[in-house]
Amino acid sequence: MLLLGIETSCDDTATAIVRDGRTVLSSVSTNQDEFHAKYGGIVPEIASRQHVALLSAAVDDAVGRANLTLDAIDGIAVTRGPGLIGSLVVGVAAAKALAFALEKPLYAVNHLHGHIFAAFLDRDEPIPFPFLALLVSGGHSQLVDVRSPIDLHVIGRTRDDAAGEAYDKTARLLGLGYPGGPQLDRLAREGNPKAHAFPRHRPDPGTLDLSFSGLKTSVRYFLESDEGKLAKREDVAASFQAAVVDVLLARVSRAFEGGKYNAVVLSGGVAANSALQGAIREWSQRNSIPAFIPPPKYCTDNAAMIAAAAYFQRDVVDVDPLTLSADPNLPFEIIAA
Ligand code: KG4
Ligand code: ZN
């Protein structure tokens with residue numbers, strides 16, 4: 001089954017062709033960073049306009065790179081939400097038009113489910129259910145109990161900032177450009193993670209919830225202090241990163257205490273982080289629990305993950321091309337249209 005994936009929930013205009021939810025024939029992503037960088041963050045109106053300008057060519061590109069024509073695809077998978085409304089609407093409108101004109105099925109996917117199914121891409125061995133997914137992106141940080149492709153439950157969530165947001169804001173405090181996460185990751189490699197003891201917040205020990213705003217604030221106060229003004233930026237970056245990784249790893253470890261998961265999946269933009277990947281892999285070896293982490297190109301927003309989710313959820317995400325609408329606040333647990 002060949003699906004064309006379309007993802008425009010935020011600032012990446014992404015398209016892909018994926019066979020049977022696993023084999024990526026093409027994955028195209030036009031990064032808009034140059035248009036948003038001077039504002040230090042994503043400007044929704046600019047993002048929507050760029051999607052309008054880029055999407056049609058991105059569809060042609062994905063189909064062409066897979067050496068196919070549109071007639072050969074078996075369906076269209078699109079991100080329905082959550083995300084920026086103006087951005088989502090562009091992808092949803094394009095997918096509806098294509099599905100209607102080509103008379104092919106349309107599958108509407110939750111962006112966050114897409115991040116989890118990114119772990120299935122270009123991988124031969126199956127990921128055993130039930131598994132725990134740690135989904136850490138610019139907009140979300142959550143622990144997900146994945147019992148089957150259509151039975152997913154959030155069991156821990158951030159109370160304030162998402163992990164990626166904490167990375168981006170801290171990167172800005174350190175004078176790094178946008179997007180800050182990857183740059184902070186690189187800077188941290190040169191620093192000492194034990195140089196500064198930043199707090200490890202764990203709200204309500206009885207829950208699996210997360211919190212990152214206190215950490216970001218401590219880094220800010222530290223940088224304003226006399227000691228902080230003299231501190232090496234590499235050390236501050238590495239120490240901040242160590243605090244984020246410690247908190248995430250402690251939550252994963254705690255979720256496994258019940259022992260009901262067969263694997264851990266790390267996904268979302270922050271899953272591209274080298275220290276987090278290292279820590280999860282080390283933990284997985286120590287506990288003999290397999291860890292599945294997508295390659296960096298499938299950790300950040302992409303359309304192959306949307307086509308993968310649509311394939312595995314196809315019986316319940318099949319929608320009518322005439323009535324589908326984008327939902328910027330699509331709840332995590334809602335799968336059926
Ligand atoms: O999943 P994603 O592409 O978009 C959302 O749905 O949010 O995630 C983007 C986030 C940004 O906050 C970015 O700074 C962060 O992921 N990120 C990283 C790294 N690569 C991307 N954070 C830390 N280390 C990285 N290597
Ligand atoms: Zn995302």
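From a predicted model like this one, the values you see are computed outputs, not experimental measurements. Order of appearance sets the numbers: ligands from 1, and atoms from 1 within every ligand.
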Can you tell which of Ala163, Gly139, Gly181 gets a heavy atom nearest to atom 18 (C) of ligand 1?
Gly181

For the aromatic rings, using the six-membered ring if either is Trp, is the centroid distance between His153 and Phe332 under 6.0 Å?
no

In terms of relative ring orientation, are Phe222 and His196 parallel, tilted or perpendicular, with 30° and 60° separating the classes?
tilted

Under 4.0 Å to a heavy atom of Thr300 - the qualifying atoms of ligand 1, by number
3 (O)

Nearest-neighbour protein heavy atom for atom 26 (N) of ligand 1, which is reported as residue plus atom name and distance:
Asp185 OD2, 2.8 Å

Check whether any N, O or S atom of His140, backbone or side chain, sits closer than 2.8 Å to the Zn ion (ligand 2).
no

Mind checking whether His111 and His115 have parallel, tilted or perpendicular rings, split at 30° and 60°?
perpendicular

Nearest protein heavy-atom contact for atom 11 (C) of ligand 1: which residue, which atom, what distance?
Asp168 OD2, 3.5 Å

Between Tyr167 and Phe240, is the ring centre distance below 6.0 Å?
yes

Heteroatom N/O/S of Cys10 within less than 2.8 Å of the Zn ion (ligand 2):
no

Between Leu84 and Ile306, is there a shared hydrophobic cluster once you connect ILVMFWY residues whose side-chain heavy atoms come closer than 4.5 Å?
no

Among all protein heavy atoms in this structure, tell me which lies nearest to atom 21 (C) of ligand 1, with the distance rounded to 0.1 Å.
Gly269 O, 3.3 Å

Considering heavy atoms of the protein only, find what lies nearest to atom 10 (C) of ligand 1 and give residue, atom and distance to 0.1 Å.
Gly138 N, 3.4 Å

Leu98, Thr79, Val90 screened by side-chain contact (heavy atoms from CB on, under 4.5 Å) with Ile6, the one that passes
Leu98

Exceeds 12 heavy-atom contacts within 6.0 angstrom, atom CZ of Arg49:
no

Does His111 come within less than 4.0 Å of ligand 1, judged by its heavy atoms?
yes

Around atom 2 (P) of ligand 1, find the nearest protein heavy atom and jot down its residue, atom name and distance.
Asp301 OD1, 3.4 Å

Closest protein heavy atom (residue, atom, distance) for atom 24 (N) of ligand 1
Asn273 ND2, 2.9 Å

Is Cys10 in contact with ligand 1, taking contact as a heavy-atom separation below 4.0 Å?
no

Looking only at heavy atoms of His115, does any of them come nearer than 4.0 Å to an atom of ligand 1?
yes

Atom of Asp301 closest to the Zn ion (ligand 2), considering N, O or S atoms:
OD1

Looking only at non-hydrogen atoms, find the nearest pair between Pro82 and Ser9 and report the distance.
O-CB, 3.8 Å

Taking only non-hydrogen atoms of Gly164 and a 4.0 Å limit, the atoms of ligand 1 in range are 12 (O)

Got a sec: does the CZ of Arg19 have more than 12 other heavy atoms crowding it under 6.0 Å?
no

Which ligand 1 atoms does Ala272 reach within 4.0 Å, using its non-hydrogen atoms?
20 (N), 26 (N)

Check each of Thr8, Thr30, Thr13, Asp11 against His51 using the side chain to side chain donor-acceptor pair (under 3.5 Å) test, and report the only one that passes.
Thr13

